[in-house]
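Please read the structure below before turning to the comments.
For the numbers below, each heavy atom of this structure counts, side chains included, while hydrogens, waters and symmetry mates do not.
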Amino acid sequence: MADSITFYDIPSTIPGKCWSVNLWKTRYSLNFKGLPYKTEWVEYPDIAPMSKKMGFRPTAMHGDNPYYSLPAIYDPNNTTSLSDSALIAEYLDKAYPNTPKLFPPGSHALQYAFIDALDMKLEPIRAFAYHASYAILNPSSQEYFRRTREASFGKPLEDIAPKGERAVEEWAKVKAAFDVIDGWLEKGKENGSYILGQEPVFVDFVLAAYLLYFKKIWGADSQKWKDISTWNNERWERLVKDFEKYESVQ
């Protein structure tokens with residue numbers, strides 16, 4: 001039996017601790033494949049020191065400075081340290097070929113293109129999400145999150161989200177974005193329930209991770225999640241429910 005993979009995640013104060021969109025991508029992937037793993041919780045200011053210690057590569061460069069982020073995994077079965085959700089998914093396919101495929105042969109270009117398009121379409125919702133994300137973090141992560149986001153935006157965290165009439169206008173853009181995504185999915189509905197057909201692949205988990213992230217940071221009873229969950233004939237609520245079986249925390 002394979003040894004457990006260590007999955008590095010960022011904790012929160014909500015039940016189950018899991019919350020981040022990028023982290024859900026990898027948790028979904030591990031659970032979908034049925035691989036044994038254990039979660040190690042890492043607060044924001046500890047990510048860079050831990051990543052350097054474990055040999056994780058930077059996931060970006062900010063000027064001349066390497067930037068480290070999660071998700072990341074350490075697989076003792078192959079002595080492999082790896083970060084970035086998509087790279088992790090590709091690795092898991094290669095390292096464990098007898099598990100369900102996240103990137104079936106011939107799907108890489110299409111999936112990466114869809115993910116890029118999805119990220120761009122959902123850009124209007126990000127401003128609404130920053131403070132809600134901050135609010136569910138533990139104190140040490142809150143300090144880091146506030147400091148880095150305020151430096152990036154050049155304004156207090158509380159002022160990043162639009163307010164008043166502008167909030168109404170920006171939320172309408174969010175609804176329009178989901179309408180476009182819904183249209184993409186409708187074009188392929190005759191081939192199956194998922195983006196590439198009858199079985200979910202990595203891009204389905206990316207979409208579900210966004211949705212679950214919104215539900216977690218705002219809460220199931222929030223007006224924002226009630227809006228999203230009822231749009232497009234409740235497609236987004238159904239997708240989250242469909243993937244509940246892949247939400248377990250190990």
Side-chain angles (χ1 to χ4, degrees), residues 1-11 16-42 47-48 50-60 66-119 192-213 216 239-250:
M1 182 176 178
D3 291 333
S4 294
I5 295 168
T6 300
F7 169 46
Y8 297 88
D9 198 347
I10 303 168
K17 296 185 179 182
C18 311
W19 65 282
S20 169
V21 56
N22 289 323
L23 280 298
W24 275 117
K25 295 173 189 177
T26 296
R27 190 173 296 279
Y28 273 144
S29 297
L30 290 164
N31 288 331
F32 174 64
K33 286 180 168 291
L35 296 170
Y37 71 93
K38 58 185 178 181
T39 303
E40 184 165 319
W41 302 102
V42 185
I47 292 174
M50 181 278 298
S51 296
K52 293 173 185 177
K53 177 181 178 181
M54 293 299 301
F56 296 129
R57 293 182 178 180
T59 50
Y67 176 73
Y68 297 90
S69 64
L70 299 182
I73 63 167
Y74 172 70
D75 184 356
N77 301 294
N78 298 299
T79 321
T80 298
S81 299
L82 192 63
S83 54
D84 184 279
S85 61
L87 296 180
I88 290 170
E90 291 196 54
Y91 164 78
L92 294 175
D93 274 353
K94 293 176 182 177
Y96 301 95
N98 295 324
T99 61
K101 289 287 185 287
L102 290 159
F103 283 93
S107 74
H108 286 70
L110 179 60
Q111 290 205 61
Y112 276 108
F114 196 106
I115 291 168
D116 282 349
L118 188 64
D119 288 344
S193 302
Y194 302 106
I195 293 171
L196 293 187
Q198 298 293 332
E199 300 294 333
V201 293
F202 184 65
V203 68
D204 292 288
F205 292 116
V206 171
L207 177 54
Y210 266 116
L211 295 167
L212 190 54
Y213 164 62
K216 292 289 185 180
L239 179 58
V240 170
K241 286 186 178 297
D242 185 29
F243 282 6
E244 281 181 350
K245 55 185 173 287
Y246 304 123
E247 288 182 23
S248 63
V249 179
Q250 299 181 32

Working note: Ile10 + Ile47, criterion side chain to side chain contact (heavy atoms under 4.5 Å, CB included); need CA distance, chi angles, decisive distance, verdict. CA-CA 9 Å; Ile10 303 168; Ile47 292 174; 3.8 Å; yes
Step by step, would you call Tyr74 with Thr79 a side chain to side chain contact (heavy atoms under 4.5 Å, CB included)? CA-CA 7 Å; Tyr74 172 70; Thr79 321; 3.8 Å; yes
Just jot down the salt bridge (Lys or Arg N to Asp or Glu O under 4.0 Å) partners of Lys52, sequence neighbours excluded, or say none.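 Counting only residues at least two positions away or on another chain, Lys52 forms no salt bridge (Lys or Arg N to Asp or Glu O under 4.0 Å).
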Got a sec, which residues hit salt bridge (Lys or Arg N to Asp or Glu O under 4.0 Å) with Lys245, two or more places apart in sequence or on another chain? Asp242
Separation between [atom1] of [X] and [atom2] of [Y], rounded to the nearest 0.5 Å:
X	Y	atom1	atom2	answer
Ile115	Phe205	CD1	CZ	12.0 Å
Lys25	Leu207	NZ	CG	10.5 Å
Thr80	Tyr91	OG1	OH	3.5 Å
Ile5	Leu35	CD1	CG	5.0 Å
Leu92	Asp75	CG	CG	7.5 Å
Glu244	Leu212	CD	CG	9.0 Å

Are Tyr68 and Phe56 close enough, and set up right, to give a ring-ring contact (aromatic ring centres under 6.0 Å, His included), and what steps lead you there? CA-CA 8 Å; Tyr68 297 90; Phe56 296 129; 8.7 Å; no
Taking the side chain from Asp3 and the backbone from Asn77, do they hold a donor-acceptor pair closer than 3.5 Å? no
Mark yes or no for whether Asp119, through its side chain, and Asp116, through its backbone, hold a donor-acceptor pair below 3.5 Å.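 Such a contact is absent between Asp119 side chain and Asp116 backbone.
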Member of Thr26, Asn31, Thr6 meeting the side chain to side chain donor-acceptor pair (under 3.5 Å) criterion with Tyr37: Asn31
Donor + acceptor pair across side chains of Tyr213, Asn22 (<3.5 Å): no
I need the minimum non-hydrogen distance between [X] and [Y], along with the two atoms involved.
X	Y	result
Pro36	Gln250	CA-OE1, 4.0 Å
Ala89	Phe202	CB-CD1, 3.6 Å
Gly16	Val249	O-CG2, 4.1 Å
Val42	Leu70	CB-CD1, 4.1 Å
Ile88	Ile73	CG2-CD1, 3.8 Å
Pro11	Trp19	O-NE1, 3.7 Å

Using 30° and 60° as the class boundaries, would you call the ring planes of Tyr28 and Trp24 parallel, tilted or perpendicular? tilted
Residues Arg27, Asp9: salt bridge by 4.0 Å N-O rule: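 Looking at Asp9 together with Arg27, the answer is yes, because their closest N to O distance falls below 4.0 Å.
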Any heavy-atom pair between the side chains of Phe243 and Pro200 that's under 4.5 Å?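 A side-chain contact exists here, since the closest heavy-atom pair is under 4.5 Å.
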Donor-acceptor contacts, no H, no angles, side chain residues 97-107, under 3.5 Å, sequence neighbours left out:
residue	atom	partner	partner atom	Å
Thr99	OG1	Lys33	NZ	2.9
Thr99	OG1	Tyr96	O	2.6
Lys101	NZ	Pro97	O	2.8
Ser107	OG	Pro104	O	2.7
Ser107	OG	Gln111	NE2	3.0

In sequence, state the C-alpha distance, the side-chain angles, and the governing distance for Glu40 and Tyr8, and then conclude on side chain to side chain contact (heavy atoms under 4.5 Å, CB included). CA-CA 5 Å; Glu40 184 165 319; Tyr8 297 88; 3.6 Å; yes
